[in-house]
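Structure record follows, encoded as structure tokens.
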Amino acid sequence: FAVLKDVVKIGRSRDPKNRINSMSTGFPELPTVYVFNNKGFMEPILHRAFAKLRKHGEWFRNGLQTEYFLAKFHNPNTGYILHPKPRKHKQK
């Protein structure tokens with residue numbers, strides 16, 4: 001789960017940190033990423049569970065349902081969190 005304020009990307013990756021870094025140029029800010037260890041098989045199930053929140057592809061509206069899911073099921077036993085690092089602004 002890559003969470004950016006009002007949207008969340010539900011996807012899978014063998015290397016979540018590298019995947020988010022490769023996508024970061026398209027983000028206005030960096031997401032907080034909730035990683036579930038060895039749960040890639042759950043991606044299509046989660047896509048169906050959150051289908052009413054789908055915006056486009058793997059992007060969904062972030063709200064009470066996704067926040068509740070993460071609060072209930074994400075913990076140190078199931079995965080880890082990648083917190084965004086502040087972006088460095090280039091001086092002109």
Side-chain angles (χ1 to χ4, degrees):
F1 282 65
V3 179
L4 283 168
K5 295 182 185 171
D6 62 340
V7 293
V8 58
K9 180 175 180 22
I10 301 173
R12 61 181 159 190
S13 174
R14 291 187 193 274
D15 186 352
K17 188 174 183 177
N18 188 48
R19 175 73 176 121
I20 292 302
N21 286 338
S22 71
M23 296 171 48
S24 68
T25 56
F27 292 140
E29 56 189 69
L30 295 178
T32 298
V33 180
Y34 296 83
V35 178
F36 288 84
N37 294 327
N38 301 314
K39 302 291 185 216
F41 69 92
M42 292 288 296
E43 181 192 30
I45 296 165
L46 293 169
H47 282 197
R48 284 191 300 277
F50 295 116
K52 290 184 178 182
L53 301 176
R54 186 182 307 273
K55 290 181 73 85
H56 177 73
E58 294 185 338
W59 289 96
F60 299 80
R61 287 188 311 276
N62 190 25
L64 292 177
Q65 293 98 333
T66 53
E67 290 173 5
Y68 175 80
F69 177 84
L70 289 172
K72 183 163 176 76
F73 296 108
H74 192 271
N75 63 63
N77 295 323
T78 60
Y80 56 96
I81 300 173
L82 296 173
H83 294 283
K85 294 179 182 169
R87 288 196 170 171
K88 296 178 183 172
H89 297 284
K90 294 181 182 179
Q91 293 188 5
K92 294 181 180 185

message: Could you measure the distance from the OG1 atom of Thr66 to the CZ atom of Phe1? Nearest 0.5 Å is fine.
response: 7.5 Å

Could you go through residues 35-51 and list every donor-acceptor pair under 3.5 Å that involves a side-chain atom there, pairing it with any protein atom two or more places apart or in another chain?
| from | atom 1 | to | atom 2 | distance (Å) |
| --- | --- | --- | --- | --- |
| Glu43 | OE1 | Arg12 | NE | 2.9 |
| His47 | NE2 | Ile10 | O | 2.7 |

- prompt: Do any N or O atoms from the side chain of Asp6 and from the backbone of Asn62 form a donor-acceptor pair under 3.5 angstrom?
  reply: no

message: Listing request: all side chain to side chain donor-acceptor pair (under 3.5 Å) pairs with a residue in residues 68-77, at least two apart in sequence or in separate chains.
response: none

- prompt: For residues 55-70, which residue pairs qualify under salt bridge (charged side-chain N to carboxylate O under 4.0 Å, His left out), counting only residues two or more places apart or in two chains?
  reply: Lys9-Glu58

message: Just to verify, what does His83 make a side-chain contact (heavy atoms from CB on, under 4.5 Å) with, not counting sequence neighbours?
response: Thr32, Ile81

message: Under 4.5 Å between side-chain heavy atoms, counting indirect links through other Ile/Leu/Val/Met/Phe/Trp/Tyr residues: same cluster for Trp59 and Val8 or not?
response: no

Val3 vs Tyr34, side chain to side chain contact (heavy atoms under 4.5 Å, CB included): CA-CA, chis, key distance, verdict: CA-CA 8 Å; Val3 179; Tyr34 296 83; 3.8 Å; yes

query: For Phe73, what residues pass the ring-ring contact (aromatic ring centres under 6.0 Å, His included) criterion, not counting sequence neighbours?
result: Phe69

